[in-house]
Amino acid sequence: MNTKIKLPHTDFEISRMIFGCWAIVGGFNWGHQEERDSLAAIKEAYDAGITCFDTAEAYGNGSSENMLAKALKGERSHIIIASKVGPQDFAPEKVIKACERGLKNLQTDYIDLYQLHWPNPVIPLSDTLGALDQLKQSGKIRAYGVSNFGEKSLAECKTFGYQVSSNQMAYNLLFRAIEYRILPKCMEDRIPVLCYSPIMQGLLTGKFTSAEDVPDDRARTRHFTKDRPHSRHQDKGCEELTFKTIRAIQDVAVELGVSMEGLSLAWLLAQEGVGGVIVGGRNPAQVRKNMETLKINLSVDTLDRLNEITEQLKDVLGENADLWQTDTRVV
Ligand SMILES: NC(=O)c1ccc[n+]([C@@H]2O[C@H](COP(=O)([O-])OP(=O)(O)OC[C@H]3O[C@@H](n4cnc5c(N)ncnc54)[C@H](OP(=O)(O)O)[C@@H]3O)[C@@H](O)[C@H]2O)c1
C-alpha cells in the first residue's frame with residue numbers, strides 16, 4: 001500500500017494517514033480533554049510518520065490550530081497543514097481575513113492546503129474560489145481543497161476551471177453515502193477524497209455495544225433516532241441495524257486477528273478514489289493503535305465481505321452524504 005500521495009495541483013506529498021485535530025480541543029461533541037494528552041497525541045502521530053495534519057478555525061475557535069503549532073514547533077518545513085475556512089466567511093474579503101487569522105493561530109506564514117469547510121449556496125462559488133486563487137498567488141496558501149462538496153458544487157468548480165486538490169467527505173464502513181454519486185464524480189474529476197470520521201467517531205473501534213452507550217453529542221448522526229437530545233435530523237434512525245453491522249465487522253476483525261479500527265481504516269485506504277483517511281486520536285495510545293493499520297493488507301475476499309456486511313446500512317442511509325441532517329447541506 002502506498003503510504004503517501006501527491007495531491008493534484010500541488011508540488012507536495014501527504015501521508016495517507018492524516019491526523020485529525022478536532023477532538024483534541026474537547027468541548028462540543030467530545031467532552032473533557034486534557035491539553036497535555038492532545039499535544040502528546042499530535043507528537044506521537046508525527047513521530048509515527050504522519051506528515052499531514054487536518055484542522056480548522058471552527059475547531060475550538062482557533063484553539064486546534066494553536067495546539068498544532070505548539071505541539072510541532074520547529075517542524076514546520078516537515079509537515080503539511082490542512083486547515084479550513086467556514087462558510088460564514090466565504091465572501092472574498094472575509095476569506096482573506098480568515099486566512100490571516102489561521103496563519104496567526106498556526107504561527108506560520110503559509111497554509112499548505114486551505115479547504116472550504118461546507119458549501120455556502122448563497123455566495124457565488126466563483127467569488128470564493130477567486131479569493132483562494134488570490135491567496136495562492138500571494139503565497140499565503142500553497143493549494144486549496146473543498147469539503148462536503150456534492151455533485152453540483154464540484155461541477156461548478158470544474159466549469160470555472162478551478163484547481164481543486166481534494167474533497168474532504170464523511171466516509172466509513174457505516175456511512176458509504178458518497179459511493180453513490182460523489183466518489184465517482186471526484187474520480188472523474190481526478191479529485192482525491194480525504195475521508196473524515198473514518199472510524200465513525202469511535203463506533204468502529206467496538207467501544208460502544210449499543211445505541212444507549214453512545215454519548216448524545218455523537219449520537220447526532222442519522223444512524224440514531226431523531227429523538228436523541230442534540231439531533232438536527234428528522235430520520236427515524238437505524239440503531240439496531242447499525243449495531244448488528246458493527247458486530248459483523250467485529251467478527252471479521254477477530255477472525256483476521258486485527259483491531260476493528262485497523263480493519264476499518266485499511267478498508268477505506270483500499271477504496272479507489274480515496275486519497276487519505278483523517279483519523280482523530282485523543283492520546284498517544286489511540287494514535288499508536290490506529291497506525292497499525294499500515295501493517296494490514298486486506299484480500300479481495302475480505303474487502304468484498306466487508307462490502308456485503310455493510311450494504312444494507314448503506315442502502316437504508318441512502319445517497320444523502322450529510323451525516324447529521326436530513327435536509328442535506330452537501331450540495
Ligand atoms: N470536513 C468536515 O466537515 C469534518 C467533519 C468531521 C471531522 N473532520 C475531520 O476529520 C477528523 C476525524 O474525524 P472525527 O474526529 O469526527 O472521527 P474519527 O476519526 O472517526 O474518530 C475519532 C475519535 O475516535 C476515538 N478513537 C480514535 N482512535 C481510537 C482507538 N484506537 N481506540 C478507541 N477510540 C479511538 C477518539 O474519541 P474518544 O476517545 O472520545 O472515543 C477519537 O477522537 C477530525 O479530527 C477533523 O479533522 C472534518
Side-chain angles (χ1 to χ4, degrees), residues 2-7 9-27 30 33-85 96-115 117 132 135-145 147 165-166 168 194 196 198 265 275-294:
N2 286 336
T3 57
K4 289 187 171 183
I5 59 153
K6 184 181 164 298
L7 291 181
H9 315 297
T10 73
D11 55 3
F12 57 79
E13 283 188 329
I14 60 165
S15 54
R16 295 190 72 208
M17 292 286 287
I18 300 163
F19 184 80
C21 299
W22 178 20
I24 53 162
V25 295
W30 302 104
Q33 174 76 11
E34 290 290 336
E35 184 178 288
R36 65 170 181 276
D37 288 336
S38 303
L39 297 174
I42 297 171
K43 188 72 181 26
E44 181 71 34
Y46 179 66
D47 290 343
I50 289 184
T51 56
C52 185
F53 294 82
D54 181 70
T55 180
E57 187 180 23
Y59 304 157
N61 195 23
S63 63
S64 167
E65 293 178 318
N66 271 158
M67 229 182 260
L68 182 57
K70 193 168 166 184
L72 296 181
K73 200 174 163 64
E75 307 299 338
R76 180 67 189 95
S77 60
H78 306 295
I79 61 169
I80 296 296
I81 297 178
S83 194
K84 309 186 199 79
V85 48
I96 310 283
K97 281 196 183 132
C99 181
E100 302 283 358
R101 289 195 299 273
L103 292 172
K104 211 167 158 205
N105 290 334
L106 287 158
Q107 294 164 37
T108 183
D109 47 14
Y110 65 95
I111 292 170
D112 302 279
L113 181 69
Y114 203 41
Q115 305 156 104
H117 209 148
L132 291 178
L135 284 170
K136 200 170 164 179
Q137 273 155 26
S138 67
K140 290 183 176 162
I141 66 173
R142 291 171 82 190
Y144 53 81
S147 170
S165 295
S166 56
Q168 196 176 124
L194 306 180
Y196 74 72
L265 293 169
V277 293
I278 310 170
V279 62
R282 302 181 64 163
N283 53 54
Q286 288 186 352
V287 174
R288 271 194 298 279
K289 202 141 177 255
N290 296 338
M291 288 306 282
E292 284 172 19
T293 304
L294 296 179

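- Between Ser15 and Gly49, the shortest heavy-atom contact is CB-O, 4.0 Å.
- Considering only heavy atoms from C-beta on, Phe53 comes within 4.5 Å of Tyr46 through its side chain.
- Atom CG of residue Asn2 and atom CD of residue Glu13 lie 9.0 Å apart, to the nearest 0.5 angstrom.
- Residues Gln33 and Ser38 are in side-chain contact: their nearest non-hydrogen atoms beyond the backbone lie under 4.5 Å apart.
- In this structure the side chain of Ile5 reaches within 4.5 angstrom of the side chain of Arg16, judged on heavy atoms.
- At a threshold of 4.5 Å between non-hydrogen side-chain atoms, the residues Leu103 and Asp109 do not count as touching.
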Using the side chain to side chain contact (heavy atoms under 4.5 Å, CB included) rule, take Ile96 and Leu135 through it: C-alpha gap first, then chi angles, then the decisive distance, then the call. CA-CA 7 Å; Ile96 310 283; Leu135 284 170; 3.9 Å; yes
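- In Asn61, the CG atom is not crowded: 12 or fewer heavy atoms of neighbouring residues, nucleotides or ligands sit closer than 6.0 Å.
- Among all heavy-atom pairs drawn from Tyr114 and Ala98, the shortest one is OH-C, 3.4 Å.
- Residues Ala56 and Ser83 come closest through the heavy atom pair CA-OG, 3.6 Å.
- Within 6.0 Å of NZ in Lys43 there are 12 or fewer heavy atoms belonging to other residues, nucleotides or ligands.
- By the 4.5 Å heavy-atom criterion applied to side chains, Tyr110 and Arg76 are counted as neighbours.
- Of the residues Lys97, Arg101, Lys84, the one that meets the salt bridge (charged side-chain N to carboxylate O under 4.0 Å, His left out) test with Glu57 is Arg101.
- Of the possible donor and acceptor atoms, none in the side chain of Asp54 sits under 3.5 Å from a partner among the backbone N and O of Gly20.
- Counting only distance, with no hydrogens or angles, the side chain of Thr51 and the backbone of Ile80 share no donor-acceptor pair below 3.5 Å.
- Judged by distance alone, the side chain of Arg142 and the main-chain N or O of Phe12 form no donor-acceptor pair under 3.5 Å.
- The only member of Leu132, Val85, Ile141 that meets side-chain contact (heavy atoms from CB on, under 4.5 Å) when paired with Cys99 is Ile141.
- Closest of all the heavy-atom pairs between Ile24 and Gly281 is CG2-O, 3.6 Å.
- No donor-acceptor distance shorter than 3.5 angstrom exists from the side chain of Ser165 to the backbone of Gly145, with no hydrogens or angles considered.
- Considering only heavy atoms from C-beta on, Glu65 stays 4.5 Å or farther from Lys104 through its side chain.
- Of all heavy-atom pairs spanning Ala143 and Thr10, the tightest one is CB-CG2, 3.5 Å.
- Below 30°, between 30° and 60°, or above 60°: for Tyr59 and Trp22 the angle between ring planes is below 30°, a parallel geometry.
- Of the candidates Met291, Arg288, Gln286, Glu44 forms a side-chain contact (heavy atoms from CB on, under 4.5 Å) with just one, namely Arg288.
- Among Ile278, Val287, Thr3, Leu265, the one residue that satisfies the side-chain contact (heavy atoms from CB on, under 4.5 Å) test with Met17 is Leu265.
- Between Lys70 and Leu39, some side-chain heavy-atom pair lies under the 4.5 Å cut-off.
- What you find for Cys21 and Leu68 is that their closest heavy atoms are SG-CD1, 4.3 Å.
- Looking at Ile14, Ile81, Leu194 one by one, the single match for side-chain contact (heavy atoms from CB on, under 4.5 Å) with Leu113 turns out to be Leu194.
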